[in-house]
Number of protein chains: 2
Amino acid sequence: MTYDMIFTALADPRRRNILQQIATQPMSVAQLADQHNVSRPAISQHLKILTDAGLLSVTPKGTKRIYQINRDGLAPVRAYIDGFWDDALTAFQDHIINQAKD
Amino acid sequence: MTYDMIFTALADPRRRNILQQIATQPMSVAQLADQHNVSRPAISQHLKILTDAGLLSVTPKGTKRIYQINRDGLAPVRAYIDGFWDDALTAFQDHIINQAKD
DNA sequence: TCATATCGTAAGTCATAACTTACGGTAAGT
DNA sequence: ACTTACCGTAAGTTATGACTTACGATATGA
């Protein structure tokens with residue numbers, strides 16, 4: 001659930017596709033393996049990384065496991081990006097102020 | 001400037017640290033190399049990746065090159081994350097509606 | 001209980017990515 | 001013109017990460 005885990009999870013294009021697909025419709029592992037052109041274990045490994053990062057959650061349904069977006073898991077990403085934005089903004093303001101002092 | 005470039009750029013912890021540092025204060029390459037414990041070329045390579053992703057911009061100053069946050073570059077990240085959030089929300093609403101139909 | 005469906009994990013392979021050293025290139029000062 | 005400061009790129013090395021096959025575990029239905 002660290003920033004590192006979250007951004008590592010989002011770095012892989014396949015995982016972003018999986019995430020996008022699950023966002024529009026919760027799905028089982030086999031379903032995902034069908035749509036993306038990789039083996040089922042590969043999907044499982046991706047899902048583990050996404051789940052550990054807090055971006056997905058699972059609900060067992062029979063022998064299946066339905067994965068769905070954990071909307072709360074997306075918040076830290078926004079917060080992190082917004083942090084950069086705010087820091088850059090205040091740095092810029094300071095820069096202007098210092099310029100004005102000359 | 002693709003999503004892939006942006007998330008790849010953000011995936012490396014060293015690059016996130018560089019970004020954070022530059023966000024609070026625009027800096028030269030040598031300055032960054034001092035603070036992080038790596039060689040100057042390594043920093044240059046990271047800065048290229050961050051710049052190509054649209055997250056940084058450069059302004060030459062003498063022989064130095066001052067890197068600063070490109071605030072506009074952060075917007076796509078938020079937009080992308082918000083997209084997941086919205087998709088998941090509508091998917092959830094559809095789920096509720098379908099449940100109500102039974 | 002036995003067979004089937006669905007899935008997670010382990011082990012091994014291969015590409016990628018982060019680092020280093022070496023080199024070349026441009027701007028500023030003498 | 002020459003030296004110095006500062007930087008980008010190329011080449012090579014090493015660790016990491018995404019994939020596959022093989023195996024084991026659990027839940028469902030006959």
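Both backbone and side-chain heavy atoms feed into the values below; hydrogens, waters and symmetry mates do not. Note that the coordinates shown come from a computational prediction; the quantities given were computed from them, not determined experimentally. We name chains A, B, ... by the order of the sequence lines, and we start the count at 1 in each one.
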Exercise for review: Kindly say whether B/A30 contributes a backbone atom to a donor-acceptor pair with the side chain of B/R40 at under 3.5 angstrom?
Suggested key: no
Check your understanding: To the nearest Å, how far apart are B/L10 CG and C/dA17 C1'?
Key -> 16 Å
Review point. Quick check: does any side chain N or O of B/R71 sit under 3.5 Å from a backbone N or O of B/L55, one acting as donor and the other as acceptor?
Key: no
Exercise for review: Send over the distance from A/I18 CD1 to D/dC19 C1', rounded to a whole Å.
Suggested key: 13 Å
Practice item. Using atom types as modelled and distance alone, determine if a side-chain donor or acceptor of B/N70 lies under 3.5 Å from a backbone N or O of B/G54. Key: yes
Review point. Under 3.5 Å, side chain of B/R14 to main-chain N/O of B/H46, donor-acceptor pair present?
Key: no
Point to revise | A/S28 vs C/dC7: side-chain N/O to OP1/OP2 distance below 4.0 Å | key: yes
Check your understanding: Which is true for B/T8 with a 4.0 Å heavy-atom rule: it touches a base, it touches only sugar-phosphate, or it touches nothing?
Key -> nothing
**Study point:** Proximity to DNA chain C (any heavy atom under 4.0 Å), residues of residues 57-67 of chain B only
**Key:** B/G62, B/T63
Practice item. Please determine if A/D12 and A/R16 form a salt bridge, counting it only when a charged side-chain N lies under 4.0 Å from a carboxylate O. Key: no
Exercise for review: Would you kindly give the CG-to-P distance between A/L47 and C/dT6, to the nearest whole Å?
Suggested key: 16 Å
Exercise for review: In whole angstrom, give the distance that lies between atom CG of A/D52 and atom P of D/dG17.
Suggested key: 13 Å
Review point. Okay, side chain of A/Q31, backbone of A/S28: is any donor-acceptor separation there less than 3.5 Å?
Key: yes
Review point. Does atom OH of B/Y3 have more than 12 heavy-atom neighbours, drawn from other residues, nucleotides or ligands, at distances under 6.0 Å?
Key: yes
Practice item. Grab the NE2-C1' distance between B/H46 and D/dG8 for me, whole Å please. Key: 15 Å
Exercise for review: Let me know the distance between CG of B/D12 and C1' of C/dA18, rounded to the nearest Å.
Suggested key: 7 Å
**Study point:** Heavy-atom closest pair, residues B/D87 and B/T90
**Key:** O-OG1, 3.0 Å
Check your understanding: Contacts to DNA chain C from residues 34-45 of chain A, heavy-atom cutoff under 4.0 Å, which residues?
Key -> A/R40, A/P41, A/S44, A/Q45
